Amino acid sequence: MGAKVSTVMSSGGATSRRGPPTNYAGPAAGRERRLDIHVSVSAEGDLATGRAWERSVWREARVLIAECPAPHLASSIESALRTVAASVARDRGWQGMGTVAFSLDDRSGVFRVIDAQAQAHSETMAVADHEPVAAHALEVRIDGCGDRRLPCTRLLVCGATRGEVLRRAYRALSELPGPAGVDRAFLMNRIASRAFCSGMTGTRLDQAVG
């Protein structure tokens, strides 16, 4: 499946807030996936993009599970995302690190930029410093184990395969000290679900698991 870009980039457009694309308003219900591309721009202007991180489970603006590489993402689509992310970084004159977020229609392959943020006062770092140190990585975020007043707990689990990472993440969550908050129970249910284990993510996962 080839990648289809639903919005037109230009030097002028990249520095201002974009309106909705004229030919595409977004993924159909139950098809949305969200993916992040990290971008690094050195002081000399050298630019590099990383692999796609998928926001596998999210609630409003909260990313609860992110993983890399994104499950069942065609290499042509990932390549297109990285190309667009690089264009956004160049158009906005980024230096240091930044992230471009995309919404992807899971069936048609059409995507659009939904956010682009440079890290404030970030030092220039190699994209490799933000990439998984193993073949697969899963980041799980728990907001204070159910108590929103407590700081967010973040678990980064790496492994040789996605299956190994899911098993390690589930075990780590079950052994996490403190009360079994709503977030932790919810995340363990998601990670153990047949739909998630098969690689289903985003709004399609919500429909399958309920």
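As the structure is a prediction and not an experimental result, all values here were calculated from the model.
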Beyond-backbone contact of [X] with [Y], side-chain heavy atoms, under 4.5 angstrom:
X      : Y      : value
Thr161 : His136 : no
Val57  : Leu205 : yes
Arg184 : Leu176 : yes
Cys68  : Glu54  : no
Val84  : Val100 : no
Ile114 : Phe102 : no
Thr203 : Asp106 : no
Pro71  : Arg33  : yes

Would [X] and [Y] show up in the same hydrophobic cluster when neighbours are defined by side-chain heavy atoms closer than 4.5 Å?
X      : Y      : value
Val39  : Ile77  : yes
Val140 : Met200 : yes
Val88  : Leu35  : yes
Val157 : Leu173 : yes
Ile142 : Val63  : no

Lys NZ or Arg CZ of Arg62 over Phe186 ring: under 6.0 Å, within 45°: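 Verdict for Phe186: no cation-pi partner in Arg62.
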Heavy-atom closest contact ([X] atom, [Y] atom, distance):
X      : Y      : result
Gly159 : Val165 : N-CG2, 3.3 Å
Tyr170 : Ala192 : CE1-CB, 3.8 Å
Ser40  : Met97  : CB-SD, 3.5 Å
Phe196 : Ser56  : CE1-CB, 3.8 Å

Between Glu32 and Ser103: side-chain donor-acceptor atoms closer than 3.5 Å: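 Per modelled atom types, Glu32 and Ser103 side chains form a pair under 3.5 Å.
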Please report the interatomic distance [atom1]([X]) to [atom2]([Y]), rounded to the nearest 0.5 Å.
X      : Y      : atom1 : atom2 : answer
Ile191 : Ser174 : CD1   : OG    : 10.0 Å
Cys158 : Glu139 : SG    : CD    : 10.0 Å
Leu104 : Leu81  : CG    : CG    : 7.0 Å
Glu164 : Arg162 : CD    : CZ    : 13.5 Å
Asp105 : Phe111 : CG    : CZ    : 12.0 Å

Salt bridge (Lys or Arg N to Asp or Glu O under 4.0 Å) contacts in which one or both residues fall within residues 68-79, not counting sequence neighbours: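 Of all non-adjacent pairs touching residues 68-79, those that pass salt bridge (Lys or Arg N to Asp or Glu O under 4.0 Å) are Arg51-Glu78.
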Worked check of side chain to side chain contact (heavy atoms under 4.5 Å, CB included) between Val41 and Asp46: CA-CA 6 Å; Val41 186; Asp46 296 327; over 6 Å; no
Thr83 side chain vs Ser79 backbone, donor-acceptor pair below 3.5 Å: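 At least one qualifying donor-acceptor pair exists.
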Option from Arg190, Glu67, Arg55 for which side chain to side chain contact (heavy atoms under 4.5 Å, CB included) with Thr201 holds: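 Only one option passes, and that is Glu67.
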Test log, rule side chain to side chain contact (heavy atoms under 4.5 Å, CB included), inputs Trp94 and Leu47: CA-CA 10 Å; Trp94 283 0; Leu47 186 149; over 6 Å; no
Verdict with supporting geometry, Thr99 and Ile37, side chain to side chain contact (heavy atoms under 4.5 Å, CB included): CA-CA 6 Å; Thr99 302; Ile37 300 291; over 6 Å; no
Side chain to side chain contact (heavy atoms under 4.5 Å, CB included) between Arg141 and Thr153, worked out: CA-CA 6 Å; Arg141 304 176 186 180; Thr153 298; over 6 Å; no
